[in-house]
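Report on one structure; see the data block that follows.
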Number of protein chains: 2
Amino acid sequence: MLKRTYAVSRPEQAAVRRLGSLARLTEHDLHKIEQAAADAHFLPARTEIVREGAEPAKPTLLLRGWVAQQRILPDGRRQIAGFTLAGELFGRNWSCQERALTSQVALDDIVLCAAPEAQPGSGLFEAYERERLAQRLQLIDNITRLGRMDARERVCDLLLELLERLQRSGEAEGNTFAMPLTQECFADALGLTPVHLNRTLQACRRSGDLSWRSGKVTLHDPIGLARSLGRRSNRL
Amino acid sequence: MLKRTYAVSRPEQAAVRRLGSLARLTEHDLHKIEQAAADAHFLPARTEIVREGAEPAKPTLLLRGWVAQQRILPDGRRQIAGFTLAGELFGRNWSCQERALTSQVALDDIVLCAAPEAQPGSGLFEAYERERLAQRLQLIDNITRLGRMDARERVCDLLLELLERLQRSGEAEGNTFAMPLTQECFADALGLTPVHLNRTLQACRRSGDLSWRSGKVTLHDPIGLARSLGRRSNRL
DNA sequence: CGCAAACTTGATATCTTTCAACGCGGGTGG
DNA sequence: CCACCCGCGTTGAAAGATATCAAGTTTGCG
């Protein structure tokens, strides 16, 4: 109860935790984050923040909710290339980028603000660099999932990644986290059909790997699961 | 004949063409590339240049041949996340990177050299930024391929990407290019089995989309093929 | 010429998709 | 308050795509 109030009154909490876990932040850095978060914007679920091919978003800090990077093929197939979670960054990373490589879509009701500028050499700057590196790692992990894992492995591997990221920004409670995604979205991230994902999830539940009820996911033994998948963690 | 001799005596040619197509290079930039290429190294096919998790490679210019970024799962499955072609860059992109995210493997006999340093603001610096952006685009394209395309679409889409890149660095002749990859490698990039890739290639040949004989690939109608796949090109 | 690696083929098993229907629950208007 | 509706999850049966296994066949090269 108290905790919830605290979180609401400090919308930048997840971002501070995440960036602080990537690099040592000074008081000055923290102040800049707080200042940026003071000018936050709310967007409802399903908002398309950026459309693929259009002007890319400026560097943005996601304070609350989840955002997906997605592509739509001409015949309507959708692929989600990655997620941005509360506390993480998205948006243009390179000065020369003229067009967004993917659409950015709010999967949830979200709150975001402009990412504060960082001077080279500052802790914040280093955190941004590590964040970009983490994004690259996630893309490569996704390629490995889609290319060489079967449905059960894809489901577990992605849930492990999400748990790890949410723990880093303090958004998980133990091995449980709030899952705002619809099964259809999750399937589009995993390259599966909603129907097949549904059956795969049931198999995972029956084998005791996870539970997913009323928007909460619990991984019952993340460490053992990661080992059985051959997934290495914390590789930054 | 003359052309071949010329290429051998100027090993940096592909790199100059590619980087020059990404940004306007000054005489000074060209000179730096030439200088870097003067200290080139040869590595035979199958050399593992960097192992995943080890110290990442320094920024490197690939002057000749192809390099793959690959992951090996504990049970031996392999996924190729992307390729570096002659004229392109690979290696550490971020100052904070301590471990390589993938192995780097020579698919071919290759020649490489250290990438010349670039001052912020120079044409070379901009070319490097665009190169990183192109790499990110390729990763996302790969995710879309693996997640939402069937075998025939994956094959054609990747070959179109390769043709486009090779044309940019002057390594293609019209719609034909030298393909140093074994079908097994190609399958590992596409998330397919070698057997299934083989059958898919035969179907593509029969339908007149491509020919692939003795290490040469020709796409008979790249533009029409790209359109039929819904693939947009030159998005940088 | 002969070997080894790469490519090809056929038969079969497994995984995943497709299609169509049903159930459940939460919101909404009557 | 209840009936209705809609989005989401679930189920079954059948079709389609891809993997697996095991054997040839070709190719390049010493």
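Here is the naming used below: chain letters follow the sequence lines, and residue numbers restart at 1 for every chain. Below, all heavy atoms of this structure are taken into account, side chains as well, without hydrogens, waters or symmetry copies. Only a predicted model underlies this, so the values are computations on that prediction, with no experimental measurement involved.
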Review point. Are the charged groups of Glu153(A) and Arg77(B) less than 4.0 angstrom apart, N to O?
Key: yes
Revision key, fill the gap. Separation of dC15(C) atom C1' from Leu192(A) atom CG, nearest Å, is 11 Å
Study note, to complete from the structure: Taken to the nearest whole Å, CZ/Arg213(B) to P/dT8(C) is 11 Å
Practice item. With heavy atoms under 4.0 Å as the rule, sort Arg46(B) into base, sugar-phosphate or nothing. Key: sugar-phosphate
Check your understanding: Contact class for Gly215(A) vs. all strands (heavy atom < 4.0 Å): base, sugar-phosphate, or nothing?
Key -> nothing
Review point. In terms of side-chain geometry, is the basic nitrogen of Asp108(A) or Arg64(A) positioned less than 4.0 Å from the acidic oxygen of its partner?
Key: no
Check your understanding: Can you tell me if CD on Glu184(B) sees more than 12 non-hydrogen neighbours from other groups inside 6.0 Å?
Key -> no
Give me the distances for all protein-to-nucleotides 11-15 of chain D N/O pairs that come in under 3.5 Å?
| residue | atom | partner | partner atom | Å |
| --- | --- | --- | --- | --- |
| dT11(D) | OP2 | Gln202(A) | OE1 | 2.2 |
| dT11(D) | OP2 | Gln202(A) | NE2 | 2.9 |
| dG12(D) | N7 | Arg199(A) | NH1 | 3.1 |
| dG12(D) | O6 | Arg199(A) | NH2 | 3.2 |
| dA13(D) | N6 | Arg199(A) | NH2 | 3.0 |

Check your understanding: Are Trp212(B) and Phe186(B) close enough that their ring centres sit under 6.0 Å apart?
Key -> yes
Revision key, fill the gap. DNA chain D nearest-nucleotide lookup for Glu184(A) and Ser214(B): closer to the 5′ end is Glu184(A)
Point to revise | Nucleotide dC15(C), atom C1' - distance to CG of Asp150(B) in whole Å | key: 16 Å
Exercise for review: Measure the distance from CD on Glu153(B) to C1' on dG16(D) and round it to the nearest whole Å.
Suggested key: 14 Å
**Study point:** For atom CD of Gln183(B) and atom P of dT26(D), their distance in whole Å
**Key:** 16 Å
Point to revise | salt_bridge(Arg165(B), Glu88(B)) N-O dist < 4.0 Å | key: yes
Review point. Within the structure shown, what part of the strands sits under 4.0 Å from Arg205(A) by heavy-atom distance: base, sugar-phosphate, or nothing?
Key: sugar-phosphate
Practice item. Check the distance between dT17(C)'s C1' and Arg154(A)'s CZ and give it to me in whole angstrom. Key: 13 Å
**Study point:** NZ/NE/NH1/NH2 to OD/OE distance under 4.0 Å, Arg145(A) and Glu161(A)
**Key:** yes
Exercise for review: Kindly indicate, with the supporting measurements, whether the criterion side chain to side chain contact (heavy atoms under 4.5 Å, CB included) is fulfilled by Arg18(B) and Glu131(B).
Suggested key: CA-CA 9 Å; Arg18(B) 168 149 183 102; Glu131(B) 176 78 23; 2.9 Å; yes
Study note, to complete from the structure: note: Leu197(B), atom CG; dA17(D), atom C1'; distance rounded to Å ~ 15 Å
**Study point:** Distance, rounded to the nearest Å, where Leu146(B) contributes CG and dA17(D) contributes C1'
**Key:** 16 Å
Review point. Which part of the nucleic acid, if any, lies within contact of Thr182(B), taking any heavy atom under 4.0 Å across all strands shown: a base, the sugar-phosphate backbone alone, or nothing?
Key: sugar-phosphate
